[in-house]
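Structure first, then comments.
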Amino acid sequence: MRMSKSFVPTLKEVPADATVASHQLLVRAGYIRQLAAGIYSILPLGQRSILKITRIVREEMNAIGAQEFYLPALNPREIWEESGRWTVMGENMFRLKDRKGADLCLAMTHEEIFTVLARAELRSYRQLPQSWYQIQTKFRDEPRPKSGLLRVRQFTMKDSYSFDLNREGLDASFEKHREAYVRIFDRCGLRTIQVEAHSGAMGGTGSTEFMVPTDAGEDLIASCEKCGYAANTEKAQSKVETPPKYASSAAIEDFATPGVVTIEALAAKPYSVPAEQQLKTLIYVADDKPVIAIVRGDDQLNEAKLQTATGAQVLRPAHPEEIVKWMGAHPGSLGGVAVSLNVLIDQRLVGQSGMVTGANRDGFHLSNVSVARDLAHAKPADLRTVNAGEGCPRCGNPLTVGKALEVGHIFKLGTRYSETMGARVLDEGGREVPIVMGSYGIGIERILAGAVELHHDGDGIRMPLAIAPFHLALLPLQMQDAKVVEAAEKLYADLSAAGVEVLLDDRDERAGVKFKDADLIGIPLRIAVGKKGLAEGKIEWKPRGVPSVELVALGDVVAKATAAVRGK
RNA sequence: CGGGGAGUGGCUCAGCCUGGUAGAGCACCUGGUUCGGGACCAGGGGGUCGCAGGUUCAAAUCCUGUCUCCCCGACCA
């Protein structure tokens with residue numbers, strides 16, 4: 001491609017509203033432009049990268065026998081009602097009405113539609129297994145789009161779905177996807193780690209996320225360097241020592257704590273109750289039913305874990321009015337003692353006594369609370385969020401916690417959709433059984449953004465060769481020198497004929513401008529054709545990110561470039 | 001949804017406090033000089049100052065409302 005005829009709007013200055021590196025650089029390098037919050041136009045350079053990513057994805061999906069579909073993004077309400085997710089998705093789903101007033105939505109994912117196809121056509125175990133996928137635009141009305149391409153409202157997802165007769169089949173389909181994902185991210189130049197994850201609104205029995213470790217990410221993952229354990233903190237566990245430090249068999253007593261509504265205030269003088277001696281009581285609404293969650297005062301409740309423990313589809317904090325109605329007191333004076341509501345208590349608190357909690361009476365707390373005696377009605381569950389430094393649940397080595405970007409997520413759905421939507425086949429014995437499903441997603445734009453987060457420097461992007469918009473930038477340094485132009489044009493023709501994707505910067509610009517733009521855009525290889533080198537029949541060869549240039553004879557350039565590009 | 005910040009030419013911003021009818025750099029166009037890491041000189045085009053009301057002789061500037069964008073939080077009671 002010729003730069004002089006291309007739309008590559010690079011920017012010298014950093015866009016004011018971009019904070020993360022990938023956002024700044026993708027805008028500056030002319031890959032993307034923002035249209036609205038969380039909505040981006042992909043420009044020609046970006047589209048070339050996206051096409052390379054999707055090509056890699058297609059190759060690897062096809063390689064495991066998956067078949068490509070293309071399903072509607074515009075969906076009727078009815079199928080989402082069938083799965084129950086018309087309600088579950090809540091405000092995250094874009095909804096609209098057609099001219100007749102019928103409800104439609106823009107699909108956030110495609111379990112429902114694929115299941116509709118499966119139930120209509122799959123009748124026999126002989127037709128299984130099937131792996132179906134598509135590369136489609138998804139819509140999610142994120143409460144807070146941010147960080148450029150990292151959290152958006154419209155994006156491209158490769159989503160696939162497996163249909164098996166039984167759990168063993170699902171396990172096999174799941175493992176095939178896992179291996180395909182490893183190859184995809186590896187080929188795209190992303191270092192990823194696999195972590196155990198929370199399944200959330202997808203339902204199902206188990207899931208693995210593929211994470212790119214980067215501070216630009218929004219997830220927190222806990223990992224163990226010693227044994228390789230890694231999990232999203234929504235799911236991660238740890239070994240924590242919880243000796244019965246405050247043990248007491250004394251009877252419960254209430255004591256006045258006027259105005260004390262925080263853990264910190266109760267920990268301060270004159271009460272001086274350490275946070276670890278307090279019970280933190282939180283009120284939630286799980287599928288319209290109140291539930292009380294209790295964790296230690298210095299622990300953090302993990303909503304994802306609470307959702308898992310309650311089995312709820314929709315979980316939200318209770319409103320203040322609801323809390324007063326159910327508990328008889330305001331937040332800050334709440335406790336789980338002697339209440340008839342459903343109570344869950346963090347498992348580390350089992351066996352503790354001598355604890356302090358709210359009395360469900362404004363301005364009062366209870367002391368000498370024994371979990372076994374006074375909270376016998378509370379069900380133990382894993383509710384707390386792990387902290388860095390706590391012991392790995394497998395080997396005890398201290399865990400590290402770091403930020404990461406989710407680029408892929410694979411789920412064992414099981415029969416959650418096939419049962420609610422009636423997708424069944426007959427097995428060998430002629431019995432009707434629900435199809436066992438898996439669901440597998442990859443965020444295409446996130447791969448692009450993740451690659452930039454991982455590969456950039458002060459000069460711009462250092463795009464991995466496999467997903468770079470071009471392999472090689474060819475820079476004639478003196479456009480007014482006919483010999484330089486002639487040599488560059490010949491190289492352009494020869495390299496292109498050899499299959500090298502070349503961006504020829506034939507603009508009438510100074511050399512510095514061309515160097516800067518090539519670096520910013522992140523093209524992996526660079527050839528500079530200048531009159532000095534040309535006098536000796538040589539060009540300058542420089543891979544992006546390598547500090548020094550190499551002089552290469554004109555006649556050797558094509559072979560060198562094809563060798564560098566081969567297989568990518 | 002809560003809190004904070006910001007909307008002025010394509011981009012980055014100044015001007016606003018203390019009202020007097022809009023400016024710089026970059027980008028763009030023309031001419032010239034330059035020509036190996038974002039050149040220089042001269043000339044030029046381009047802005048209903050987010051939108052709507054209000055105050056005033058006069059509003060980018062003050063007041064009210066509204067829209068949009070960015071950041072933090074949205075569980076810690």
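Note: hydrogens, waters and symmetry copies are ignored here, and every other heavy atom, side chains too, is used. Labels below follow one simple rule: chain letters A, B, ... track the order of the sequence lines, proteins then strands, and each chain is numbered from 1.
Side-chain atoms of A:Asp459 and base atoms of B:rG37 include no donor and acceptor less than 3.5 Å apart. Side-chain atoms of A:Lys280 and base atoms of B:rC76 include a donor and an acceptor less than 3.5 Å apart. Judged by distance alone, with hydrogens and angles left aside, A:Arg526 brings no side-chain donor or acceptor close enough to the base of B:rG36 to form a pair under 3.5 Å. The base of B:rG36 lies close enough to the side chain of A:Gln478 for a donor and an acceptor atom to sit less than 3.5 Å apart.
Separation of the A:Tyr40 and A:His23 ring centroids falls under the 6.0 Å cut-off.
For the pairing with A:Thr385, the side-chain contact (heavy atoms from CB on, under 4.5 Å) check across A:Val401, A:Val295, A:Asn302, A:Leu220 returns one residue only, A:Asn302.
A:Glu550 has a carboxylate O that lies under 4.0 Å from a charged side-chain N of A:Lys560, or vice versa, which qualifies the two as a salt bridge. A salt bridge is defined here as a Lys NZ or Arg NE, NH1 or NH2 lying under 4.0 Å from an Asp or Glu carboxylate O, and A:Glu142 with A:Arg151 meets this definition. Between A:Lys403 and A:Asp219 there is no salt bridge, since no side-chain N of the basic residue sits under 4.0 Å from a carboxylate O of the acidic one.
Among the atoms of the strands shown, base atoms are found under 4.0 Å from some heavy atom of A:Leu477.
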Mind listing the N/O atom pairs, protein and nucleotides 7-11 of chain B, below 3.5 Å?
{"residue": "B:rC11", "atom": "O2", "partner": "A:Glu13", "partner atom": "OE1", "Å": "3.4"}

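Contacts of residues 142-155 of chain A with RNA chain B (heavy atom under 4.0 Å): A:Pro143, A:Arg144, A:Pro145, A:Lys146, A:Ser147.
Distances shown here put every side-chain N or O of A:Thr281 at or beyond 4.0 Å from the OP1 or OP2 atom of B:rA77.
Nearest to the side chain of A:Asp519, among B:rG37, B:rC71, B:rC76, sits B:rG37.
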